[in-house]
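Take a look at the structure below.
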Amino acid sequence: MVAAIDLSIFTSGRASPYHKWNLPLEQAKSLQKILSLCVMEKNLERLNFISGCDIGIRGNVARAGVVTFSYPEGELVERVVVEGKLDFPYIPGFLSFRETPLLLKAIGMLKKLPDLIICDGHGIAHPRRLGIASHIGVLTSIPTIGVAKKLLCGSYDEPGFYKGSFTYIVCDNEVVGAVLRTRTGVKPVFVSVGNLVTLEYAIKIVNILSRYRLPEPQRAAHFLVSG
DNA sequence: GCGACAG
DNA sequence: ATCTTGTCGC
């Protein structure tokens, strides 16, 4: 039996117990390469609760939101919103150093940890294979999937027109993610493994979740922190 | 050197 | 991410 993960350590508002966040880019780069070695691709054994998380920014204040839904019922189970400041600037390839601290704080406040977290941004479809979804997944040991609106690295062929069709994202001769058409005729999303899931499963679940009217996790979280 | 570049 | 009006289409 393994002790439950205590995420309350992230709610202190202080630096992460695992590593500093305000790092020079070169150190951040090294850290990403090291942590990417911790990314594991495996099958989920159960999926009863799915969370979506996102960050909204207004001037100097940022709000991180986490929303949890039951699956497959799709009922709202819990939601958390926390406000704070972001000190790290947005630099392509280093998004997690900007948003992860506040997101972990919000995730750590959940009464019940989810079986999966859908993150806004890439997972391993990243130059150093550690996008924000992977970073969060590695630090929390919670399975994560990255869903981004734009490509960060690599190339792909346009997926088919209809919902469910997808193509792969190839970066440095590796398949790092997929471009999935979640709605017929609408702009596709970029799906990639964050941690502890398989790309095939990630594609499948993201496609399924996009059918839900209310519960599409990231959208719900986005709604929570913006509108 | 030049262009690309999640949120 | 955020700032923003009207407008094309089902």
Side-chain angles (χ1 to χ4, degrees), chain A residues 21-22 25-26 28-29 31-33 35-36 39 51-67 81-107 117-139 144-156 161-163 166-172 174-180 182-195 199 202-203 206 213 216-227:
Chain A
W21 289 104
N22 208 351
L25 292 190
E26 283 313 308
K29 240 182 221 182
L31 180 63
Q32 292 177 324
K33 291 176 186 170
L35 292 183
S36 72
V39 172
S51 293
C53 64
D54 192 20
I55 275 190
I57 303 169
R58 286 192 57 179
N60 278 326
V61 193
R63 16 169 58 178
V66 187
V67 184
V81 178
V82 291
E83 294 195 339
K85 296 180 73 176
L86 305 180
D87 18 75
F88 208 86
Y90 167 66
I91 301 172
F94 300 91
L95 174 66
S96 67
F97 289 87
R98 176 176 173 76
E99 301 190 342
T100 300
L102 198 56
L103 286 175
L104 288 182
K105 184 172 181 178
I107 293 171
I117 301 178
I118 309 290
C119 305
D120 227 298
H122 295 285
I124 63 174
H126 178 279
R128 293 166 290 285
R129 307 293 181 270
L130 195 87
I132 188 167
S134 295
H135 205 149
I136 290 176
V138 167
L139 293 188
T144 56
I145 292 176
V147 177
K149 308 170 195 68
K150 301 173 185 173
L151 182 70
L152 173 59
C153 67
S155 59
Y156 64 94
F161 188 78
Y162 298 99
K163 171 179 175 60
F166 67 88
T167 53
Y168 291 107
I169 299 172
V170 176
C171 183
D172 303 320
E174 285 180 62
V175 171
V176 297
V179 187
L180 172 68
T182 53
R183 301 176 62 185
T184 298
V186 176
K187 195 156 80 83
V189 295
F190 300 82
V191 181
S192 59
V193 170
N195 194 24
L199 177 57
I203 293 171
V206 170
R213 179 71 179 74
E216 220 247 280
Q218 324 90 309
R219 300 196 62 201
H222 192 10
F223 208 67
L224 193 58
V225 298
S226 59

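Residue numbers start from 1 in every chain, and the chains themselves are labelled A, B, ... in the order their sequence lines are given, proteins ahead of strands. Side chains included, hydrogens not; waters and symmetry mates left out as well; all remaining heavy atoms used.
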Query - A:Tyr90 aromatic ring stacked with six-membered ring of C:dA1, 5.5 Å and 30° - result: no
Query raised in the report: Is there a side-chain contact between A:Val186 and A:Thr182 (heavy atoms, below 4.5 Å)?
Result: no
Requested in this report: Would you mind reading off the distance between A:Arg58 atom CZ and C:dA1 atom C1', rounded to a whole angstrom?
Outcome: 13 Å
Query raised in the report: Could you give the OH-to-P distance, from A:Tyr156 to B:dA6, as a whole number of Å?
Result: 12 Å
Query raised in the report: When we call it a touch if two heavy atoms are under 4.0 Å apart, what does A:Phe88 touch: a base, just sugar-phosphate, or nothing?
Result: nothing
Query raised in the report: Is A:Ile132 touching bases, backbone alone, or none of the nucleic acid, heavy atoms closer than 4.0 Å?
Result: base
Query - Touch class at under 4.0 angstrom, heavy-atom based, for A:Gly59 against every strand present - result: nothing
Query raised in the report: What is the distance from CZ of A:Arg98 to C1' of B:dC5, rounded to the nearest Å?
Result: 15 Å
Query raised in the report: Within the pair A:His222 and C:dA1, is there a side-chain N or O less than 4.0 Å away from OP1 or OP2?
Result: yes
**Report entry** From A:Leu199 atom CG to A:Ile145 atom CD1, the distance as rounded to the nearest 0.5 Å
**Finding:** 9.0 Å
**Report entry** Spacing of A:Leu152 atom CG relative to B:dC5 atom P, expressed in whole Å
**Finding:** 9 Å
Query raised in the report: Between atom CG in A:Asp54 and atom C1' in B:dA6, what is the gap in whole Å?
Result: 12 Å
Query raised in the report: Does the side chain of A:Pro127 reach to within under 4.5 Å of the side chain of A:Leu152, using non-hydrogen atoms?
Result: yes
Query raised in the report: Touch check for A:Ile57, heavy atoms < 4.0 angstrom, all strands: base, sugar-phosphate only, or nothing?
Result: sugar-phosphate
Query raised in the report: Would one find a side-chain N or O of A:Lys149 under 4.0 angstrom from OP1 or OP2 of B:dG7?
Result: yes
Query raised in the report: To the nearest Å, how far apart are A:Ile55 CD1 and B:dA6 P?
Result: 16 Å
Query raised in the report: Got A:Val170 and A:Tyr156 here, is their nearest side-chain heavy-atom distance under 4.5 Å?
Result: no
Query raised in the report: Expressed in angstrom and rounded to an integer, what is the separation of A:Leu103 atom CG from B:dG7 atom P?
Result: 13 Å
**Report entry** Length of the CZ-C1' vector between A:Phe97 and B:dG7, whole Å
**Finding:** 15 Å
Query raised in the report: How about A:Tyr90 and A:Phe88: are their ring centres within less than 6.0 Å of each other?
Result: no
